[in-house]
Structure formats: structure tokens, C-alpha cells
Amino acid sequence: MSAKATAHSTQKRSDQKSLLSRIWRARYLYLFLTPSLAFLIIFVYWPAALAFYRSFFIFDGYSINRFVGLNQFKFILTDPEFHISLKNMAIFLAFEMTLPLFGPIIAAEAIYNLHNRRHQAFWRFMLIVPAIIPALVLLLVWQYIYHPIGGAANIILEALGLPPQTWLADPVLVKPALMFTHVPWVGGVWMLVYLAGLLGIPPEIIDASIVDGASRLRRFFSIDLPLLWGQIKLTMILIIIYQIQGFFGILVLTDGGPANASLVPGLYLYHQAFGARASEAIKDFGKASAVGVILFIMILILSFMLERFKRSDDKGFSQ
Amino acid sequence: MNILPTWKELRSDWMLYLFLFIVTIITFAPLLLMVNISTKNSAQFAVNPLGVTFPFHLKTNYAFAFKLIWRPALNTIFVSITSVAIGIFLSSMAAYILAVFDFPGRELIFWGLTVLLMVPAILTLVPRYLIIVDLKLINTYWALILPYIAQRQVFNIFVFRTFFRNLPKEVLEAARIEGASNFRIYWSIVMPMSKPIIATLALLGLLVLWNDFVWPLVTLDNPELRTLTLALYQLASAGSAQWGIMMAGYVLASLPLLILFIIFTKPFVEGMTSGAIKL
């Protein structure tokens, strides 16, 4: 038995030695990996951990730093403003799952089905260009369009004999007005992704469908759509993640107004930490961190749900 | 040249052409509006904001707008090019090591990177800001550059890794047999073969950083350092309603990326469709 133990320990030692020597042999690999990992640790892992830690404190960045347990979460989850922001988010998200989800697919199909190759390249270029214009520039142009005095939207209404509107300052119109800033929802980069997917379909499949006399529409539903399903699901996940956390456009155009009609959770967080434009609110980085944790958990749960849905779906495919 | 579709093409594809034409017109309408208004002085705008008016006041509007945004534009160019260049260098090196070598801890690092895909930017926004405050980097270029380098790492590493794994093994093997060092193989063989994917990742990175608004808004208030997006935002919220000058500023702010994109369309599209950006 003791012999066995000795054998075991020598075996273990030689394992350790070989592990150490393997690590030693890879020393330059670690060296070249270090800068990349250091950036991730300092600016992603560490802040992510800090967010959880800070969420248990009231912290204004200067003098006040008090442990309050779960009170921040209790406050946020019962705050009517936070509820409004969730409701607004749900409305925006529901809209994003319609035209903005399918627009790029339809545009990619239109380009893919052109018989003339050079025209494919031309229209592809025309539809990507808007994605290259800085998002802020487009938002500011829309700010002009919705401007109550001299704005293009009201000039068009006037020409049609309709009464002018206040658009972004109107609690009913503000949401559709914000959704409309991405008209016609064929979005550049996503269109490219779908187009790449379509071009990756083996030509034999297409030829076979043509021989079988399938119409374009039939082919779209029976061949293209199932083969693009992976990309579509990924787009859905990314849309959900963006809608839960995004607030850049709304910050620029309305700052959540009027009367919180366009407030979303990300902007709610931003206001907690950096103050609303309208009011000089007290900064609380602890509460903002807690909002971040809540949104993170929401994203996590929804991603896992979609992942499961994806898996059960894959099973269906292989059967 | 046959730029216009032939009758045969029109007969079979007219619905597609019509759809693409309408969609393109709608997409470009706000941009045309922007260019059109950028030619107007206040009097012309007051009388006829939407129609084309003569004479054009290009020189006054654009010269004035240029004076307001040249410095912020240089800031943005400096910050975004520095971050993208360093970011691509570091991430491609890391991805090369993770794709080609087997060493203790590789699985752990890979697992750690995958976990990061789940961490949304909103979770780290406030603590990241507090870290920048603690490091006394508020109101410096570093406040932007350092987090920007980190921000693109994970995505870049995953794309590069997929791309490197699909490179022909024989070429790397041949170089190794001839005694090239690992760094040499990475720098003189792998990187030149990866030009399309580098162009794609660099352009995507530039696009994201060029557009970034919230992060500079919270970390910079020195007018000398402010980025293009901050300058445009301030121009728009100044309340002067000098629409001609504002629109001229928007046009100028859009041009650099547009020109860059037109030059690099081919490698960009090649990279996007190479299969490395697997979705």
C-alpha cells in the first residue's frame, strides 16, 4: 500500500513537473497574451465585479459611501419611473421585432434575386452607405425634421392641409417619431450579413428548386428562410440586448421626455449616475450600479430562454 | 457601359428594381435634406427650407462649420485610429495564440472570453467611469483610448480566431519547417493573409468609436479634448437655429468615414462575407 502511495506521489510529482515545464515552455505565449487580457481585466472584468459590489451602497463619488444592503434594489423595483421605463422599452422592443427585424432580410433577398451581378453590387453599396453616416448626424437631422418651427415634418403636414404637431414634445407622438428615425428599416450591416447567408446557399439547392418549378416566393419560405434562421435568431438576441440597455438616441433627442413618455431603463440608469438634463438630481452611483445589475440579469434570463428555444429548435431540425 | 438594366432584366426583375429604388430614395431623403439645407443662409431657410434655393452659400456655411469642428474632428480621428490600431494588434496576437497553440490554461482563457460575451456595456458603464476617476484620467485622451481598446477585444479575438483557423495549414507548416519564429509567422505570413478581415474589423471599430457619444460625454468636459460627436451635439443644442451652418457641420462630420468606406468597400465586403464573422 505504501509502495502504491509512493508510486502515486511520484506520478503526481512528474505530472506537476511536466505541467510546470509545459507552462515554462509556453512562457512567451503568456507574455503575448498578457496585454490583451490586462485590458479586459481592468476595463471589463473588474468594472463588472465592481457593479455588483457598488449596488449595495449609496455612493455619490465623494463623501457619502454607506452600505444599505438590498435597499437600492427595493427602491428601483418599486419606483414608478422605472416601471414606466420598462413599459416604454417593451413597446420599442415589440416594434423592433417587426419591420426592423425583417426589413434587412427583404432587402437582401431583393438584391440577391437580381439577375445582373453588377447591379447587385451597386444596390448593395447604396444600401450600406447610410450605415456609414454617423448615427448622431442622422439623429440630429431628424431633430431638425421634427423641429416645430421650420421642421420638414410640419412643412409636409402644412402642404397636406393638416395641423402642425410638436412631435418629440408630444407624449403620444414621441414614440412613433423615435421609431421612424430608422425609416425604411433595411439597415446596412445586417442586410450584408443576410446577403452573405444567401450567397452561401449551395447553388445545387437553388437549381433543384428551379427544376422542381418552385416560385420565388415558395423558395423564399421553404429554402432561404430556414437557412437564414441562425442569423435571424442572432439578430433577435442582439435586438433584445440593445433594447434593454440602449439609450443613446433617446438621450440625444428627448432625454426621456416629455413627462417620461420616452424614458427607457438605460436612460434611467444614466440619470441616476449623471443627472437628468432638466433637473440637478443627486448623483448616486450605487443606485445606478444596481440598475445595471437588474438589466444584466434581465438580459441573461432572456438570452438563456432564447438559447433554449434555439436548442430545442435545432433538435427539431435534425429529426 | 450598361449601367441601366436591359429590357429583359427589367421584365423579369422590375419589382425588385422598384422596391430597391423606393427604399434607397427614402434612405437618402434625410441626407439630401441635410446637404440641401447646408447651402442656405438664414433668409433662404426662412422662406423656403425644403426647396433648392440659389445662390448657394457654401463658402460661408462650410467655412464657419469647419472652424467649429476641425479640432474635435482631429481629436476623434486621433483617438479612434489609435484605439483601433492598438486593439487590432493586441487582439490578433491573442487570437493567433489561442487558435494555433496548445498550452496549459488555454481552455480557461477561452471560457473567460466566452463569459465576457454575456456582460453588457450598461453593467460596466458606471464602474468604468469610477475607475477612470480613480486613475485620474478624466479629461485626458486616455479616458477614451484605454477603454476603447478593451471594448473591441472580445469581438475581434473571436472573429480573428475563426479566420486564422481557416487559413491553409500548409503555408504555416512550411514556414515553420524553414525555421521562421512564431512571431515572424504571425507578423509576416498570417497578418498579410488577413488583410480583408483586418479591414472589416478596423472599419467596424472606427464606425463604433466615431459614433460614440455617451462615454466622451461623461468623461470629458475640456473643450480642447471634446470629440466630434460632442461638438456636433453642442452645435445642435446651442439654440441659435443657424440651420445652414449646423447642416454644413453634419455633412463635414460624415465625410471622413464615407471616403474611407468608399476606398475600402471591396476588402470590407470580402471580410464581412468571408465566413469569419459567423452569425
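Note that the structure is a prediction, hence the values are computed from the model and not measured. Letters A, B, ... mirror the listed sequences (proteins, then strands); counts begin at 1.
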**Request:** Measure from the ring center of A:Phe274 to the ring center of B:Tyr129 and say whether it is less than 6.0 Å.
**Result:** yes
**Asked** Hey, what do you get for CD1 (A:Ile42) to CD1 (B:Ile149), rounding to the nearest 0.5 Å?
**Response** 11.0 Å
**Test log, rule side-chain contact (heavy atoms from CB on, under 4.5 Å), inputs A:Met126 and B:Phe28** = CA-CA 9 Å; A:Met126 293 303 272; B:Phe28 276 84; 4.2 Å; yes
**Request:** Counting only heavy atoms closer than 4.5 Å, note whether B:Leu228 contacts chain A via side chain, backbone, both or neither.
**Result:** neither
**Message:** With chain A as the partner, which of B:Leu135, B:Asn211, B:Thr124 has the greatest number of non-hydrogen pairs under 4.5 Å?
**Reply:** B:Asn211
**Part of A:Ala110 lying under 4.5 Å from any heavy atom of chain B** = both
**Complete:** Whatever's closer than 4.5 Å to a heavy atom in chain B on A:Leu295 counts as side chain
**Item:** Value rounded to 0.5 Å, distance of CG in A:Leu29 from CG in B:Leu98
**Value:** 9.5 Å
**Asked** Where on B:Ile86 is there a heavy atom nearer than 4.5 Å to chain A: the side chain, the backbone, both, or neither?
**Response** neither
**Complete:** Here the gap from B:Leu50 atom CG to A:Ile145 atom CD1, rounded to the nearest 0.5 Å, amounts to 9.0 Å
**Request:** Would you mind checking which part of B:Leu123 comes under 4.5 Å of any heavy atom in chain A, side chain (CB onward), backbone (N, CA, C, O), both or neither?
**Result:** both
**Complete:** Interface check, chain A: of B:Leu257, B:Thr229, B:Leu130, most non-hydrogen pairs under 4.5 Å belong to B:Leu130
**Fill in**
In terms of heavy-atom pairs under 4.5 Å with chain A, the winner among B:Ala94, B:Pro147, B:Gly249 is B:Pro147
**Message:** If we define contacts as heavy-atom pairs under 4.5 Å, which of A:Gly292, A:Pro35, A:Ser36 has the most with chain B?
**Reply:** A:Ser36
**Item:** Part of B:Thr265 lying under 4.5 Å from any heavy atom of chain A
**Value:** side chain
**Asked** Is it the side chain or the backbone of A:Leu37 that comes within 4.5 Å of chain B heavy atoms, both, or neither?
**Response** side chain
**Request:** I would like to know whether B:Ile132 and A:Phe43 meet side-chain contact (heavy atoms from CB on, under 4.5 Å); could you show each step before the answer?
**Result:** CA-CA 9 Å; B:Ile132 293 291; A:Phe43 292 108; 3.9 Å; yes
**Request:** With a 4.5 Å cut-off on heavy-atom pairs, point out which of B:Met247, B:Gln153, B:Gln151 contacts chain A the most.
**Result:** B:Gln153
**Item:** Closest contact, heavy atoms only, B:Ile122 versus A:Phe247
**Value:** CD1-CE2, 3.7 Å
**Asked** Relative to chain B, which of A:Leu138, A:Ile299, A:Val44 shows the most heavy atom pairs under 4.5 Å?
**Response** A:Val44
**Asked** Partners of B:Ser92 by side-chain hydrogen bond (donor to acceptor under 3.5 Å, both in side chains), sequence neighbours excluded?
**Response** B:Tyr186
**Request:** For atom CZ of A:Arg117, decide whether the heavy atoms of other residues, nucleotides or ligands shown that lie under 6.0 angstrom number more than 12.
**Result:** no
**Which atoms of A:Tyr30 approach chain B - backbone, side chain, both or neither, heavy atom under 4.5 Å** = side chain
**Request:** Measure the spacing between CG of A:Leu136 and CG of B:Asp212 and express it to the nearest 0.5 Å.
**Result:** 10.5 Å
**Request:** Against chain A, label B:Leu255 side chain, backbone, both or neither, depending on which of its atoms sit under 4.5 Å from a heavy atom there.
**Result:** neither
**B:Tyr96/A:Phe32 aromatic ring centres below 6.0 Å** = no
**Prompt:** Which atoms of B:Leu232 come close to chain A, meaning under 4.5 Å heavy atom to heavy atom: side chain ones, backbone ones, both, or neither?
**Reply:** both
**Fill in**
Bottom line for B:Ala95: the part with an atom under 4.5 Å from chain A's heavy atoms is neither
**Prompt:** Is there a side-chain contact between B:Tyr17 and A:His119 (heavy atoms, below 4.5 Å)?
**Reply:** yes
**Prompt:** Is the number of heavy atoms from other residues, nucleotides or ligands under 6.0 Å of A:Tyr28 OH greater than 12?
**Reply:** no
**Partner chain B: residue of A:Glu109, A:Gln272, A:His147, A:Gln143 with the largest heavy-atom pair count (under 4.5 Å)** = A:His147
**Request:** Under 4.5 Å heavy-atom distance to chain A, tell me which part of B:Leu207 shows up: side chain, backbone, both or neither.
**Result:** side chain
**Request:** Identify which part of B:Phe21 has an atom lying under 4.5 Å from any heavy atom of chain A, answering side chain, backbone, both or neither.
**Result:** both
**Request:** Please report the shortest heavy-atom distance between A:Ala107 and B:Phe19, naming the atom on each side.
**Result:** CA-CE2, 4.0 Å
**Request:** With a 4.5 angstrom heavy-atom cut-off, could you sort out which part of A:Ala152 is near chain B: side chain, backbone, both or neither?
**Result:** both
**Message:** Can you tell me which portion of B:Ile97 sits under 4.5 Å from chain A's heavy atoms? Options are side chain, backbone, both or neither.
**Reply:** side chain
**Asked** Side chain, backbone, both or neither: which part of B:Leu260 has a non-hydrogen atom closer than 4.5 Å to chain A?
**Response** neither
**Heavy-atom contact with chain B under 4.5 Å, split by part of A:Ala49** = neither
**Message:** Which atoms of A:His182 are under 4.5 Å from chain B, going by heavy atoms: the side chain, the backbone, both sets, or neither?
**Reply:** neither
**Prompt:** Going through the checks in order, is the side-chain contact (heavy atoms from CB on, under 4.5 Å) test met by A:Ile23 and B:Phe103?
**Reply:** CA-CA 7 Å; A:Ile23 289 176; B:Phe103 56 91; over 6 Å; no
**Asked** For the atom pair CG (B:Leu203) and CD1 (A:Ile132), what is the distance rounded to the nearest 0.5 Å?
**Response** 6.5 Å
**Asked** Atom CG of B:Leu20 and atom CG of A:Leu114: how far apart are they, to the nearest 0.5 Å?
**Response** 6.0 Å
**Segment of B:Met118 engaging chain A (4.5 angstrom heavy-atom cut-off)** = both
**Item:** Region of A:Leu33 that comes under 4.5 Å of a non-hydrogen atom in chain B
**Value:** both
**Message:** Let's go through A:Leu127 and B:Thr24 carefully: what are the C-alpha distance in whole Å and the side-chain angles of both, what is the deciding distance for side-chain contact (heavy atoms from CB on, under 4.5 Å) to 0.1 Å, and is it a yes or a no?
**Reply:** CA-CA 7 Å; A:Leu127 290 190; B:Thr24 306; 3.8 Å; yes
**Asked** Can you say whether B:Ile22 sits under 4.5 Å from chain A via the side chain, the backbone, both, or neither, judging by heavy atoms?
**Response** neither
**Message:** Using side-chain heavy atoms (C-beta onward) and a distance below 4.5 Å, is A:Val141 in contact with B:Leu31?
**Reply:** no
**Option in B:Val23, B:Leu90, B:Leu116 with maximal non-hydrogen atom pairs under 4.5 Å from chain A** = B:Leu116
**Message:** Within the structure provided, determine whether A:Asn113 and B:Asp13 are in side-chain contact (heavy-atom separation under 4.5 Å).
**Reply:** no
**Prompt:** Which answer fits A:Trp185, side chain, backbone, both or neither, if we ask what part of it has an atom under 4.5 Å from a heavy atom of chain B?
**Reply:** neither
**Message:** Looking at A:Ile149, I want to see if its CD1 is surrounded by more than 12 non-hydrogen atoms of other residues, nucleotides or ligands under 6.0 Å.
**Reply:** no
**Asked** Given a strict heavy-atom distance threshold of 4.5 Å, which part of A:Phe52 is in contact with chain B: side chain, backbone, both, or neither?
**Response** side chain
**Prompt:** Can you say whether A:Leu140 sits under 4.5 Å from chain B via the side chain, the backbone, both, or neither, judging by heavy atoms?
**Reply:** both
**Item:** Closest non-hydrogen atom pair, B:Gly112 against A:Tyr45
**Value:** O-OH, 2.6 Å
**Asked** Measuring heavy-atom distances to chain B, does A:Arg25 have an atom under 4.5 Å in its side chain, in its backbone, in both, or in neither?
**Response** neither
**Item:** chain A contact via B:Leu146 - side chain, backbone, both or neither, heavy atoms under 4.5 Å
**Value:** both
